[in-house]
Amino acid sequence: DGCGHTVLGPESGTLASINYPKTSPNSTVCEWEIRVKPGQRVQLKFGDFDIDDSDSCHSSYLRVHNGIGPTRTEIGKYCGFGFQMDGLITSKSNEVTVQFMSGTHTSGRGFLAAYSTTDKSDLITCLDNASHFSEPEFNKYCPAGCVIPFADISGTIPHGYRDSSSLCMAGVHAGVVSNTLGGQINVVISKGIPYYEGSLANNVTSKVGPLSTSLFTFKTSGCYGTLGMESGVVPDSQITASSILEWPDQTGQVNIWKPENARLKRVGPPWASLISDEHQWLQIDLNKEKRITGIITTGSTLAEYYYYVSAYRILYSDDAQKWTVYRESGMDKDKIFQGNTELYQEVRNNFIPPIIARFFRINPLKWHQKIAMKVELLGCQFSIGRAPKITVPPPPPRNKNDDFSDDFIHSVKTLLQTDKTTFTPEIKNTTVTPSVTKDVALAAVLVPVLVMVFTTLILILVCAWHWRKRKKKTEGTYDLPYWDRAGWWKGMKQFLPTKSAEHDETPVRYSSSEIGHLRPREVPTVLQTESAEYAQPLVGGIVGTLHQRSTFKPEEGKEASYADLDPYNSPVQEVYHAYAEPLPITGPEYATPIIMDMSSHPSTPLGIASISTFKGAGNQAPPPMGTYNKLLSRTESISSAQALYDTPKGQLGPGATDESVYQVPQSVAHATGSKDE
């Protein structure tokens, strides 16, 4: 009467004391006899151990024996509060006896343990969760019987499970391992999520969970895709049923809940049977053999019709004539699957081992009000060759009393059906392997990148070709670039000083009085200077004025100078004149300044300077008296009542001397009257 949760599988199992994890009752006893295949040994691992040791393991203890029955031998006797047993207890044979004795005590949870054959070196218990392991990925072996009422999980596939969830119980919920058989799990740890959904799957209810630092998922074969009910790959003609519910509604319209309505997530009514009994079925033809790994079901999904199936069996066939009821490997009875508990929630059940068949039937066993459901099958293509079927030749003609052939045929058929039901095929993964998946993902990234690179190179080459072609079309094939063309050069020549070789310029001579005004270092330079020609300033960009030689007056507000107009090296440096020197030209040319001798005019006072047409730079004061006297002294040979003009080039005017004399401009900067005086 001291036995608690117990599942004894052929290769692994789980056992616990009564009332675990609560305090076990006083004066109870339980024995478990464990057998595995001959030639193998048993290993025992404790997940929790809390037995009162106040009387030194006299009345409360756990004892492990090699063998079963009177010949068994003791391996060890254990007790203690919070006793930690990290190692494994290993038997010497394929049989083990575990005995739990509970005497008088006030506390102590008892124990929970798991066992397996010794070839499962990575055995864990149903209490282990992801936080017990530090590796980001690891493989462990889960024992049978880990669907326990005192453990819980949060999450679902494919999003993952909260790190506080039991690894093995989550493995059963995900359909990775069977609760009756146990199995290997491949766990991957990753970053947690804020919210974990709850669902019902494989008779395990996952609860809604809050945020956690990490979560775990399982690596699987990947054979969990949908097989065409929801998507419509399976046509309506391949979905049949034992009966169809029909009835007229209040408006007189006939409602028919046909088999093709049994598509998961399809809006509208489901399939419903006309008669609700255990002989009804819904059949799906997959058109060829498929590897079927699971099924998802819902109720009617119509609030006004609260119909659903709560339990069912699964049958499968290759020809729709001979049907086999699904059983778990090593089990001698049909597996009953838990269905829905209400009409909306999706409930998943997995097949371990998977079903290999073309025709699939659902046989409802329990329901609410009426049999009504929507379904989807999970699995993948099955392309691995199967073992050839055994074909029994037709028996030869026999006598009426010859019953041997009938017995033989009956025994062979029974054997075939039994093998088909219990055989666990070693089916390899028919989906893409992880390495291939990585290659496909890598190719999916590299191919677009390469296409973009080549497209960019082609566009660059095309644009360069068009630009070159347009350039040649604009300039001409043998044209010089635009900066070497004559038009540009002609425009630039306007800004260069021009020396005319074809004209013999008259040398420019200066009077001794003018040379006296220059600084000593400027005298030899001025005397040796060749005749300079200065172009008229460019006005409006008219090139025709380039050959018009004339003097011009300087701008107002700045000193006149050759250098202001000549950006290139001028023959004469550092010489400043208020007036430009005369330029050689064929026609007569007169200097701009005009000096009038007003000394003989009766109305003009003697102290007033002569009137000039030249306007000085800025607001200059009238020149001093010394300058006026000097100008008169230079024009003594000309009549005082006559206007004085410069002598034209190449001609001898009245009173001309051997050298042309020009007046020094009236400028404040060159005023030397005080020196002459």
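For this chain, numbers begin at 1 and follow the sequence in order.
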A.B. asks: Run the salt-bridge test on Glu328 and Lys335 with the 4.0 Å N-O cut-off and return the result as yes or no.
C.D. replies: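 A salt bridge links Glu328 with Lys335.
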A.B. asks: Main chain of Gly4, side chain of Thr6: is a donor-acceptor contact present, judged purely on distance under 3.5 Å?
C.D. replies: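 Indeed, once roles are kept as given, a pair shorter than 3.5 Å links the two residues.
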A.B. asks: Under 6.0 Å between the ring centres of Tyr20 and Phe150?
C.D. replies: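 Yes, ring centres under 6.0 Å apart.
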A.B. asks: Regarding Cys146 and Cys126, I want to know if their SG-SG distance comes in below 2.5 Å, which is how I'm defining a disulfide.
C.D. replies: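 Cysteines Cys146 and Cys126 qualify as a disulfide pair, their SG atoms being under 2.5 Å apart.
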A.B. asks: If the plane angle is over 60° it's perpendicular, under 30° parallel, otherwise tilted; pick one for Phe351 and Phe337.
C.D. replies: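 Ring orientation of Phe351 relative to Phe337: perpendicular.
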A.B. asks: Salt bridge between Arg313 and Asp334, side-chain N to carboxylate O under 4.0 Å?
C.D. replies: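 So Arg313 pairs with Asp334 through a salt bridge.
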A.B. asks: Let me know which of Glu95, Glu33, Glu31 forms a salt bridge (charged side-chain N to carboxylate O under 4.0 Å, His left out) with Arg72.
C.D. replies: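 When salt bridge (charged side-chain N to carboxylate O under 4.0 Å, His left out) is applied between Arg72 and each of Glu95, Glu33, Glu31, only Glu31 qualifies.
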A.B. asks: Should the ring pair Tyr308 and His368 be called parallel, tilted or perpendicular, given that the plane angle runs from 0 to 90° and is split at 30 and 60?
C.D. replies: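 Because their plane-to-plane angle is under 30°, the rings of Tyr308 and His368 count as parallel.
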A.B. asks: Would you check if the distance from the ring center of Tyr78 to the ring center of Tyr61 is below 6.0 Å?
C.D. replies: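 No, they do not, as the ring centres are separated by 6.0 Å or more.
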A.B. asks: Dump the intermediate steps for salt bridge (charged side-chain N to carboxylate O under 4.0 Å, His left out) on Arg63 and Glu74, then the final yes or no.
C.D. replies: CA-CA 7 Å; Arg63 183 176 288 172; Glu74 183 177 312; 3.2 Å; yes
A.B. asks: Are Tyr306 and Trp367 an aromatic pair by the rule of ring centers under 6.0 Å?
C.D. replies: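 No - the distance between ring centres of Tyr306 and Trp367 does not fall below the 6.0 Å cut-off.
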A.B. asks: Considering only NZ, NE, NH1 and NH2 on the basic side and carboxylate oxygens on the acidic side, decide whether Lys219 and Glu137 come within less than 4.0 Å.
C.D. replies: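 Salt bridge present between Lys219 and Glu137.
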A.B. asks: Find the distance between CZ (Phe382) and CZ (Arg291) and round it off to the nearest 0.5 Å.
C.D. replies: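 Going from the CZ atom of Phe382 to the CZ atom of Arg291 covers 8.5 Å.
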A.B. asks: Classify the ring geometry between Tyr307 and Tyr305 as parallel (under 30°), tilted (30 to 60°) or perpendicular (over 60°).
C.D. replies: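 If you compare the ring of Tyr307 with that of Tyr305, the planes turn out tilted.
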A.B. asks: Can you confirm whether or not the ring centre of Tyr316 sits under 6.0 Å from the ring centre of Phe360?
C.D. replies: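 Between Tyr316 and Phe360, the centre distance exceeds or equals 6.0 Å.
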